[in-house]
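Note that this is a predicted model, so its numbers are computed, not measured. If you read the sequence from its start, that first residue is 1, and numbering goes on from there. Note that ligands are numbered from 1 as they come in the structure, with each ligand's atoms numbered from 1 the same way.
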Amino acid sequence: AQPSAAPPLSAPLRDLPWGQLNFLHTTDTHGWHAGHLQEPSFSADWGDYISFAERLHERADDEGVDLLLVDTGDRIEGNGLYDASDPKGKYTLDIFAEQDIDVLCSGNHELYKSNSSEAEYSVTVPKFAGNYIASNLDIFDPKTGEQRPLAQRYKKFTTKNQGIRVLAFGFLFDFTGNANNTVVQKVEDAIKEKWFQQAIRDREVDLFLVIGHILLRSIEFASIFHAIREQNWDIPIQIFGGHTHIRDYAKYDSKAYALESGRYMETIGFMSITGLSTGGKETTISNAPSGRDFKPSASPSFSRRYIDNNLFSFYHHTSLNETTFPTIHGRNVSSMISSARKKLDLDKQFGCAPKDYWTNRVPYPSEQSIFTWLQDEVLPSKIHDPSRGDTPRMLITNTGAVRFDIFKGPFTVDTTYTVSPFTNGFRYIKDVPFSVAKRLLQILNQEVPQLWPASQSLAYVSPAPLGQTHPSNPLYNPHPHAQTPLTPLKEDKDLTPGYTTTDDAGTDGDDTIHAPITFYRVPNCIESRIAFPPTTSSSKTETNTQTPTSMQSEEDPTAIDLIYVDFIESYILLALKFLGTDYEERDTAVYMRGETLTSVIAEWVGENWGCE
Ligand SMILES: Nc1ccn([C@@H]2O[C@H](COP(=O)(O)O)[C@@H](O)[C@H]2O)c(=O)n1
Ligand SMILES: [Zn+2]
Ligand SMILES: [Zn+2]
């Protein structure tokens, strides 16, 4: 862990359900490789994870079983360790590559900008040569301009100890927001390709391993699963997903399961399968030096565990301690992280937060909602372009642009990036009739599939208890994360608050037994009304609905400047069309050149939150 990280707290733990083939899974780490310095439950860093994997490999080898590591993308954007360097990722690409990962793929975040996908192509793919898979992703080679697979389309290998023959794929959901130097092929088209159809007809396979930056209960995974099942009615399939930042485990059939392992280095997913055939070995008997014998089974068993990323859990699961747990390699990587954090001055303070502000742990609007704070305090005081004088204005931002909570205490360089990592600027349309503008939020906050597909949703709801999957999805489960707290082993009062996951296998997935935390949904977008005539509802926006007619006075402005973060421009223009106007991109212009949500927040904190 990093020197300033909060020490982990002891808590009742469930053991890891070791099997014949075991996996560790990370996803959506978003640059949090230093771990969470202010949250004891998630305070282990990437160096500790390396020690953990190395210790579990020792155990796997001792027992003659196998352990594979998987990462399903979104490794970047979301933490100062990645975002504060110039170029971005100067330190994290090397830090990440220290881990020995067997199968990995890209997320959507690696592709928003051409610089980051080029870094994948020139740094991460070669570092993980043979292991990085891009089943539906191409890049235009920056040197030749030629369109090429970002990495190989699939991988076949045999596990070291058990001789399990694995055929692995690595997909990305049907993402369309990538920069124009990459090409994402729709999953439904990729699985019709000759190479895929040939691969799934391979009869020398004991396990299909499908990893993807894709939510588990999605059309994309469903179609890959069905394509494999059409050719292989009973070969086990293990799926690893990501993107929705939740802990989730889904049963596809009795021999096919899928795991998603949260976000931001909070969770290390553990998965095991027992009863696989081992065609890569002469005999299945005595593969295990420990004498354990895994016979292929007509009904192999699958188990999952979500490990809280902290040293208390790591010591427990390795039966080691502070002295015996860390490996030299792991320690060195923790030092690489501390030195990068120092060089980037990530602990430099802009101010001190007087209390906690939450993205999803309190309802919106409310006193401790980060969105209410932005809407009522930060944006009204900072959103002003002098060239537009005192024109009444409305700013709309997607809530997905705000990525994490603010904890009471120092608000640092790092915090600015954990809250708001994106570099998008502001744009505006001048003189938009207020009668139109006031209806926008309601349109943007509707789930309107005709306007935008589910996988493109503006909504980013961090570990939301409610299903985000569109109901047209054949695997749709209306209550994948119902709020049922698990039955605690001890009284709730003795438990620390944390994840209490309900998934397709029940309520015993989390390694740490916690008291439950309630998560609340937030709307797709919020708006802030600024410099409105005082008798209207002013900057205190009617949340999530249009302003009721009864609230409007004669003094409503006739026209306003409509400002938005440029990431949502296409949605704003679409919604304006829906409202009967014909605004085009040419009607838009930069607002507050050079400023971003990140810079505005950092400035506001510096001006308003002193440290005592
Ligand atoms: N420039 C950007 C990029 C992304 N977002 C938000 O992030 C969501 C995707 O994040 P995942 O980690 O879930 O892949 C996207 O839907 C946006 O809400 C953004 O605001 N600005
Ligand atoms: Zn993500
Ligand atoms: Zn994603």
Side-chain angles (χ1 to χ4, degrees), residues 25-33 71-79 82-83 88 104-117 120 137 170-179 182 184 211-216 218 220-221 240-248 260-267 359-360 370-371 374 395-404 417-427 444-445 447 451-464 468-470 521-526 564-572 596-598 601:
H25 177 217
T26 47
T27 192
D28 296 272
T29 48
H30 286 289
W32 286 77
H33 301 95
D71 182 88
T72 44
D74 273 9
R75 295 174 278 275
I76 68 167
E77 298 187 331
N79 189 288
Y82 174 84
D83 292 280
K88 288 175 187 287
L104 68 160
C105 64
S106 173
N108 49 307
H109 279 269
E110 281 80 6
L111 311 182
Y112 281 114
K113 293 185 171 170
S114 52
N115 286 355
S116 49
S117 48
E120 288 298 289
L137 177 57
F171 283 92
L172 172 63
F173 72 90
D174 294 344
F175 176 53
T176 56
N178 48 318
T182 53
V184 181
I211 74 157
H213 191 75
I214 306 178
L215 63 157
L216 299 192
S218 60
E220 288 95 330
F221 270 144
F240 288 97
H243 184 55
T244 44
H245 294 192
I246 57 171
R247 293 179 172 188
D248 195 12
E260 178 172 348
S261 304
R263 60 163 196 183
Y264 303 162
M265 282 288 287
E266 292 175 349
T267 304
T359 49
N360 295 98
I370 199 164
F371 302 108
L374 271 177
L395 178 129
I396 298 187
T397 179
N398 59 316
T399 52
V402 177
R403 307 287 287 185
F404 197 58
Y417 293 107
T418 57
V419 171
S420 170
F422 303 124
T423 53
N424 302 84
F426 300 107
R427 293 185 74 78
L444 292 164
N445 283 340
E447 286 286 322
L451 277 181
W452 36 78
S455 57
Q456 273 265 93
S457 171
L458 279 171
Y460 152 74
V461 185
S462 81
Q468 314 180 62
T469 318
H470 194 266
R521 287 201 88 137
V522 295
N524 292 343
C525 294
I526 55 166
Y564 47 85
V565 285
D566 68 15
F567 181 74
I568 61 170
E569 182 164 272
S570 57
Y571 299 94
I572 295 275
T596 61
L597 195 57
T598 318
I601 292 173

Name of the H30 atom (N/O/S only) found closest to the Zn ion (ligand 2):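 Within H30, restricted to N, O or S, the Zn ion (ligand 2) is closest to atom NE2.
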Tell me, which N, O or S atom in D28 is closest to the Zn ion (ligand 2)?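 Restricting D28 to its N, O and S atoms, the minimum distance to the Zn ion (ligand 2) goes to OD1.
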For ligand 1, is there an N or O atom under 3.5 Å from any N or O atom of Y112?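 No, since none of the N or O atoms of Y112 sits under 3.5 Å from an N or O of ligand 1.
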[X] and ligand 1 - part of the residue with a heavy-atom distance under 4.0 Å:
| X | result |
| --- | --- |
| N424 | side chain |
| H109 | side chain |
| N398 | side chain |

Is any side-chain heavy atom of [Y] closer than 4.5 Å to one of [X]?
| X | Y | result |
| --- | --- | --- |
| D74 | N108 | yes |
| I214 | H243 | no |
| T27 | F240 | no |
| L137 | T182 | yes |

Assess H245 for proximity to ligand 1: is some non-hydrogen atom of it under 4.0 Å away?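 H245: in contact with ligand 1 (<4.0 Å).
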With a 4.0 Å cut-off on heavy atoms, does R263 reach ligand 1?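 Per 4.0 Å heavy-atom rule, R263 does not contact ligand 1.
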State the atom name: nearest N, O or S atom of H243 to the Zn ion (ligand 3).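 So the atom name we want here is ND1.
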Among the N, O or S atoms that D74 has, which is closest to the Zn ion (ligand 3)?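 Of all N, O or S atoms in D74, the Zn ion (ligand 3) lies closest to OD2.
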Contact flag H245/the Zn ion (ligand 2), N/O/S atoms, threshold under 2.8 Å: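 Yes, since at least one N, O or S atom of H245 sits under 2.8 Å from the Zn ion (ligand 2).
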Rounded to the nearest 0.5 Å, how far apart are OG1 of T423 and CG of D83?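 Separation between the atoms: 8.5 Å.
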